[in-house]
Amino acid sequence: MRIVMLGGPGSGKSTYSKFLTKEFNIPHVYTGDMMRDLAQQDTPTGRKVKSALDKGEFVDTKIVLDTLKKRLSRKDTERGYVLDGFPRSMEQVKEMEERTIGYDHVIYLDVAEKEVIRRLTSRGRADDKPEIIKNRIKVYKKQTQPVVDYYRDKLIKIKAVGGEEIEDIATDIIKQIKDKDERI
Ligand code: ADP
């Protein structure tokens with residue numbers, strides 16, 4: 001069970017990833033957390049990553065890929081994973097295909113920009129400052145929207161406008177994955 005989570009900043013990718021890891025008993029492979037960890041290191045790579053995070057820019061694909069490959073080589077991913085935060089650009093889709101990082105399901109969390117801004121401004125993570133948020137949304141539209149379009153025919157699209165219960169949305173995602181699994 002290899003699941004890819006797509007969605008903009010503040011779309012709830014990691015929130016729902018956690019429900020999926022529990023339901024299917026597979027690890028949460030979360031590139032955002034990996035990059036925040038790397039940014040703590042006082043090394044050339046660490047500093048480079050930190051500078052990208054501070055600007056709301058993407059980290060170099062090579063750095064993300066190296067970290068990701070290492071993570072995916074661990075035994076606990078043998079039965080699958082919830083891949084959260086990758087691929088984020090068409091360049092990464094290409095790398096993913098070439099390196100045979102596989103997937104069985106792609107979930108796309110479709111959330112209105114107004115709701116995204118509301119959520120991110122109330123979350124308070126270090127890179128959730130208005131200017132950085134604006135840039136992350138801009139980068140998302142330019143780089144990640146093409147990835148969503150690319151997977152259009154395979155996607156499980158989840159609309160979360162706000163106001164819905166998180167548990168209800170999680171239940172819906174799980175149900176749709178199971179339904180689709182039976183049809184494959
Ligand atoms: P969000 O999606 O809410 O912005 P994430 O925790 O998924 O937050 O990612 C935080 C940051 O980590 C991104 O803004 C980006 O700088 C970096 N990052 C995470 N995944 C990738 C990736 N696949 N490629 C490049 N940068 C990434």
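All ligand and atom numbering here is 1-based and tracks the order in the structure. Note that the structure is a prediction, hence the values are computed from the model and not measured.
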What residue and heavy atom of the protein are closest to [atom], and at what distance?
atom	result
atom 19 (C) of ligand 1	Arg88 NH1, 3.5 Å
atom 18 (N) of ligand 1	Met35 CG, 4.0 Å
atom 8 (O) of ligand 1	Arg125 NH2, 3.2 Å
atom 15 (C) of ligand 1	Glu57 O, 3.7 Å
atom 24 (N) of ligand 1	Gln92 NE2, 2.8 Å
atom 11 (C) of ligand 1	Leu53 CD2, 3.5 Å

Between Lys13 and ligand 1, which residue portion shows a heavy-atom distance shorter than 4.0 Å: side chain, backbone, both, or neither?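 Contact part for Lys13 vs ligand 1: side chain (C-beta onward).
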
Location of contacts on Arg123 toward ligand 1, heavy atoms closer than 4.0 Å: side chain

With atoms numbered from 1 as shown, which atoms in ligand 1 lie under 4.0 angstrom from a non-hydrogen atom of Pro9?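 Selected atoms, number and element: 1 (P), 2 (O), 3 (O), 4 (O).
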
So is [X] polar-close to ligand 1, meaning N/O to N/O under 3.5 Å?
X	answer
Val59	yes
Asp127	no
Gly85	yes
Asp33	no
Asp84	no

Let me confirm one number: the CG-NE2 distance from Leu20 to His105, rounded to the nearest 0.5 Å.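 Reported to 0.5 Å precision, the distance equals 10.5 Å.
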
Residues Tyr30 and Ser17: side-chain donor-acceptor under 3.5 angstrom: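 Looking only at side-chain atoms, Ser17 and Tyr30 do not form any donor-acceptor pair under 3.5 Å.
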
Go through Tyr151 and Tyr103 one step at a time and tell me if the ring pair (Phe, Tyr, Trp, His ring centres under 6.0 Å) criterion holds. CA-CA 11 Å; Tyr151 287 119; Tyr103 63 88; 5.3 Å; yes

Out of the candidates Leu155, Asp84, Ile156, only one should pair with Leu6 under the side chain to side chain contact (heavy atoms under 4.5 Å, CB included) rule; please name it.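 Testing Leu6 for a side chain to side chain contact (heavy atoms under 4.5 Å, CB included) against Leu155, Asp84, Ile156 leaves exactly one candidate, Leu155.
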
Closest non-hydrogen atom pair, Met90 against Val147: N-CG2, 3.7 Å

Do Met35 and Tyr81 belong to the same hydrophobic cluster, where Ile, Leu, Val, Met, Phe, Trp and Tyr are linked whenever their side-chain heavy atoms lie under 4.5 Å apart, directly or via other members? yes

Ionic contact status for Asp33 with Arg36, cut-off 4.0 Å: yes

Quick test of your reading of the model: are Arg136 and Asp128 salt-bridged, counting only N-O distances below 4.0 Å?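 Judged by the 4.0 Å cut-off on N to carboxylate O distance, Arg136 and Asp128 do form a salt bridge.
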
